[in-house]
2 protein chains.
Amino acid sequence: MKIKVGIVEDTKDIREGLAMLIDASEGFSCTHSFPTAEDAIKTLPADPPDVVLMDINLPGMQGPECVKILKLLCPHTQFLMCTVYEEDEHIFESLKSGANGYVLKKTAPDKLLEAIADIFQGGSPMTGGIARKVIASLQPSAQTKPAELSLREFEILESLAKGYRYKEIADKLFISIDTVRSHIRNIYEKLQVHSRTEALNKVFPK
Amino acid sequence: MKIKVGIVEDTKDIREGLAMLIDASEGFSCTHSFPTAEDAIKTLPADPPDVVLMDINLPGMQGPECVKILKLLCPHTQFLMCTVYEEDEHIFESLKSGANGYVLKKTAPDKLLEAIADIFQGGSPMTGGIARKVIASLQPSAQTKPAELSLREFEILESLAKGYRYKEIADKLFISIDTVRSHIRNIYEKLQVHSRTEALNKVFPK
DNA sequence: TTTCAAACCGCATGAAAATGCGAATGAATT
DNA sequence: AATTCATTCGCATTTTCATGCGGTTTGAAA
């Protein structure tokens with residue numbers, strides 16, 4: 001008994017690529033594929049698939065909106081959102097709309113199939129980064145916690161906030177630029193970010 | 001019950017003079033005195049005083065920085081900045097760092113004790129000149145400089161603020177990465193800055 | 001109609017930042 | 001004694017950014 005998969009994705013190449021991948025894989029069958037949300041809503045309820053791969057950015061109606069509607073018409077279908085970036089707004093919008101998983105388009109084929117199988121069996125596949133964001137959103141007091149950072153790290157973060165370059169920070173603190181790099185590497189690790197701006201937004205929110 | 005006072009002041013004569021004055025006065029007790037911010041941070045949290053007299057110009061870490069950090073470690077301690085001149089930058093920097101009062105070093109002894117008592121009881125002692133500057137800074141008239149940026153440029157700036165990479169901005173706005181570069185180049189030119197962080201600090205001051 | 005600003009695109013280059021993989025010290029804890 | 005952690009430093013690689021230069025199109029203002 002194969003897992004019936006539907007696809008909603010506006011880019012033709014991606015849509016057909018996914019369909020081929022799914023059909024070529026043991027235990028999976030692509031029963032539908034649509035370029036727009038409207039098409040999916042028109043056709044899907046007549047023969048609901050087990051899982052729908054839903055793109056977020058669609059022409060016309062967006063993915064999350066589409067999921068909200070399809071959830072009502074196909075209550076037993078699982079929805080796996082599929083997008084290029086981990087955009088916070090869309091993640092939560094989608095999950096609130098009734099999606100149960102969230103994968104990136106750059107996901108490797110075998111990982112994608114794993115995710116489809118996972119969601120079909122009641123799991124909620126998502127990348128580590130997304131999972132973290134979801135969990136973080138549940139923390140009531142996930143506000144600024146400089147306690148996580150050491151004194152030295154906080155000092156360096158403040159220099160970063162002022163827009164200093166690494167070399168300038170090094171000179172100001174009388175340490176080498178490599179040490180500055182080290183600290184910043186550790187700061188990013190602790191804050192779970194990957195750039196100066198992200199770090200600042202996390203520690204000094206508006 | 002005496003008011004416990006800590007002192008952070010690099011000039012030995014002043015520091016010891018203040019300590020003597022405080023200890024000799026009814027109702028006050030000088031429990032700590034340090035020549036540097038680093039020393040204060042190391043020792044104070046173990047036994048936080050009620051009020052800290054903090055010099056602005058210190059060797060190594062500056063007073064306002066020190067207050068920012070100590071505020072986190074000693075949340076119930078009040079900080080009274082102490083300096084020679086009424087320097088605008090330092091005043092606001094200090095107040096934003098969490099200081100609650102601001103006195104000049106030339107303040108007469110009895111007035112200084114008054115200020116300490118005042119800040120301990122929840123007041124915010126400061127000279128008339130400083131008070132006027134603080135109030136002036138709250139007037140919206142002097143603030144809010146009009147962004148001479150175009151709509152599109154502002155849009156891109158907002159994405160920059162969220163920490164998006166150029167490629168991400170390009171995809172989100174359906175334009176090429178080179179166009180994003182162009183806009184940012186123009187934004188930097190208009191704002192007279194040379195990096196993302198500088199631009200953000202200029203347009204979205206904290 | 002000319003002019004101009006805004007929005008768009010491309011290419012190229014050097015600088016800066018992010019990241020990976022170390023490693024040594026000293027202080028504090030277990 | 002062993003372990004953890006902050007702090008310091010180095011080097012190499014990859015990615016992203018900043019910037020300079022060139023351009024087109026469009027629509028509004030002069």
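- Taking the side chain of Asp178(A) as heavy atoms from C-beta on, and the options dA18(D), dC11(D), dT8(D), the nearest nucleotide is dC11(D).
- Under the 3.5 Å distance criterion, the side-chain polar atoms of Glu168(A) are matched with a main-chain donor or acceptor of Arg165(A).
- Between the side chain of Arg181(A) and the base of dG10(D), no donor-acceptor pair under 3.5 Å is found.
- Counting any heavy atom pair closer than 4.0 Å across all strands shown, His183(A) reaches a base atom.
- With salt bridges taken as basic N to acidic carboxylate O contacts below 4.0 Å, one links Lys190(B) and Glu153(B).
- Side-chain proximity of Ser182(A) to dC11(C), dG22(C), dA6(D): nearest is dG22(C).
- For Tyr188(A) (side chain) and Arg196(A) (main-chain N/O), a donor-acceptor pair under 3.5 Å exists by modelled atom type.
- Comparing Arg185(B) and Ser176(A) along DNA chain D, the residue whose closest nucleotide (by nearest heavy atom) sits nearer the 5' end is Ser176(A).
- Set against dT7(D), dC9(D), dC17(D), the side chain of Tyr166(B) has dC17(D) as its closest nucleotide.
- Distances were taken from every side-chain heavy atom of Glu153(B) (C-beta onward) to each of dT8(D), dA7(C), dC21(D); the shortest belongs to dA7(C).
- Residue Arg152(A) is the one, among Val193(B) and Arg152(A), whose nearest nucleotide of DNA chain D lies closer to the 5' end (criterion: closest heavy atom).
- In this structure, of dC11(C), dA6(D), dA18(D), it is dA6(D) that holds the atom nearest to the side chain of Lys190(A).
- The side chain of Thr179(B) lies closest to dC9(C) when the candidates are dA17(C), dC9(D), dC9(C).
- Nearest to the side chain of Tyr188(A), among dA18(C), dA18(D), dG10(D), sits dA18(C).
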